[in-house]
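Data first, discussion second: the structure below is written as structure tokens.
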Amino acid sequence: MRHITVIGTGYVGLVTGTCFADLGNTVCCLDIDETKIKMLHEGKSPIFEPGLEEMIHRNVQGNRLSFTTDYDAALANAEFVFIAVGTPEGVDGEADLKYVGQTAKTVAQTMQHPLIIINKSTVPVGTGDWVADIVRENQPAPVDFAVVSNPEFLREGSAILDFTAPDRIVLGSLNRDAANKVAELYLGLRAPIIITDLRTAEMIKYASNAFLATRISFINEIANICEQLGADVKEVATGMGYDKRIGHYFLDAGVGYGGSCFPKDVKALAHMATTHGTHPQLLKSVMDINQYQRIHVVQKLRDVLGRRLNGKVIGLLGLAFKPNTDDMRESPAAEIARAMLRENAIVKGYDPASMGVAAKMLPDLQLAMDPYDLAKGCDALILLTEWNEFKHLDMPKIKSLMRQPVFIDGRNLYEPQTMQTYGFTYRGVGRGY
Ligand code: UDX
């Protein structure tokens, strides 16, 4: 059993701290946001993550997990301090490290005994060295420490699974002994552990996310070509995926990627490349294609309803950037809703989890109670998030509630022939002509 402190109780920090507690460690999670800590003290999770609230409750009851806003309390018994604060997109796509820098400075000023400081946040290559400099410069008196990079590979909506059954653990440090100590925290997960240097570990994270984003933009480009050549991209992806070198994952064509990671990380990697004298043509194309998909899906709507959308009633089925999360950061639905509202369309939206987020983010969006309430009076529906509960809707009922039976399937959730049989004017992404 080790004593672990996690700074930051967002999507990454809270899952990391709770899962480490569930492995039998004593964990203290700190956040400077008192509202979040108050919610956690009341047994509520400030984030939507399936299974997390129950796991938090179990570990708080087991006296393994605690929450605080106080750095002295958080570091008093700590052996390991994970920095899991946000690294939002800054100017020109560069990752904004102000929260990481502030955290490192406060840790330095507070620590009273040797610590292993672990960067869990996604940070540009070289940040580990920068954190070490900040700690060294801000300690009132020298106290031993080591910095280790330990990037996360957690997907929202399956973060607990991704922590407890990881494909690999990546560690990077100039201090091999410190890296080995962090590796011991993960031994119970029986996953491959890669120990390398700081910069390489930081690059593994960016390269992994950028590659996954590239797969998505690749299949979306193939989808757009399929539309011109009469091929079905879903079948193409299936045919490709049996090749072990390709695999079936991350070949789902549609409106493209969103979320708080892929958009930010691809931009940050391109920025690192550009500012260090290289030309990330492929990364720029990945971003361009992803942006185009959103426009392309709305163009499909214009092809059916006419170029001008003012006065048309459009229903967005799904608002979160993907299923099993309430997160709407960089969500295609948010961008598409704003664009149509600017054209004075009447835009309605429904999502199983993100209605509260949508109400704050899109005040002019009309919120529906369920998919059928959403369909009422619509000239078209656009599916943008492939929630399970959308997979078996009563389509004849949906059609009867709409003003016009137009269905734009931004995630290829349905089959064209089936939808056409129901009488819809149906458009998917890359589903042949
Ligand atoms: C991602 C990485 O998967 C994870 O390893 C990293 O730690 C954080 O970023 P996340 O952003 O939570 O996780 O979601 P993910 O499931 O990867 O999906 C990202 C986006 O890609 C979503 O908008 C999703 O809709 C889209 N996507 C995914 C596709 O458009 N097609 C696909 O085939 C797969």
Side-chain angles (χ1 to χ4, degrees), residues 10-13 15-16 47-50 52 84 86-87 89 95 120-123 150-163 165-170 201-202 204-224 233-234 236-238 240-241 246-269 286-287 289-294 296-297 318-336 351 353-354 383-387 390 409-413 428-430:
Y11 284 94
V12 174
V15 170
T16 299
I47 62 166
F48 179 100
E49 185 62 44
L52 183 61
T87 54
E89 182 182 327
K120 178 61 80 174
S121 302
T122 301
V123 291
N150 175 211
E152 52 86 15
F153 299 98
L154 308 179
R155 291 165 295 168
E156 289 184 37
S158 56
I160 291 174
L161 173 70
D162 292 340
F163 185 100
D167 291 332
R168 76 306 200 182
I169 302 297
V170 173
E202 290 160 346
I204 289 171
K205 168 66 184 179
Y206 276 103
S208 298
N209 265 13
F211 179 73
L212 292 168
T214 301
R215 275 179 79 103
I216 294 166
S217 284
F218 172 81
I219 200 65
N220 281 331
E221 178 138 274
I222 294 297
N224 297 339
V233 73
K234 280 188 90 167
V236 169
T238 302
M240 290 169 63
I246 298 173
H248 292 289
Y249 293 109
F250 279 70
L251 287 179
D252 298 332
V255 70
Y257 62 78
S260 64
C261 295
F262 284 178
K264 169 176 73 75
D265 292 352
V266 177
K267 273 185 200 163
L269 183 54
V286 167
M287 293 186 277
I289 292 168
N290 195 59
Q291 188 54 38
Y292 172 74
Q293 289 308 99
R294 297 168 180 212
H296 187 47
V297 163
L319 302 172
F321 82 94
K322 65 177 230 181
N324 302 317
T325 183
D326 66 348
D327 197 346
M328 286 183 63
R329 288 175 288 183
E330 297 289 327
S331 158
E335 182 173 332
I336 289 171
D351 185 282
S354 63
L383 182 127
L384 292 168
T385 317
E386 66 282 21
W387 283 95
F390 297 160
D409 188 352
R411 294 291 186 188
N412 289 333
L413 196 58
V429 178

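Throughout, numbering of the chain's residues begins at 1 and tracks the sequence. Both ligands and their constituent atoms are indexed starting at 1 by order of listing.
- One N or O on the side chain of Ser331 and one on the backbone of Ala333 form a donor-acceptor pair closer than 3.5 Å.
- By the side-chain contact (heavy atoms from CB on, under 4.5 Å) test, Ala353 pairs with Phe48, Asp326, Asp351, Trp387, sequence neighbours left out.
- Atom CZ of Phe218 sits in a sparse spot, with 12 or fewer heavy atoms from other residues, nucleotides or ligands closer than 6.0 Å.
- Side-chain N or O atoms of Arg329 include none that pairs as donor or acceptor with a backbone N or O of Gly259 at under 3.5 Å.
- In this view, Lys267 and Glu89 satisfy the salt bridge (charged side-chain N to carboxylate O under 4.0 Å, His left out) rule, not counting sequence neighbours.
- Sorted by chain then number, the residues whose non-hydrogen atoms approach ligand 1 to under 4.0 Å are Glu152, Phe153, Leu154, Arg155, Glu156, Lys205, Asn209, Ile216, Phe250, Leu251, Asp252, Gly256, Tyr257, Gly258, Cys261, Phe262, Phe321, Lys322, Arg411.
- With sequence neighbours excluded, no residue satisfies side-chain hydrogen bond (donor to acceptor under 3.5 Å, both in side chains) with Arg215.
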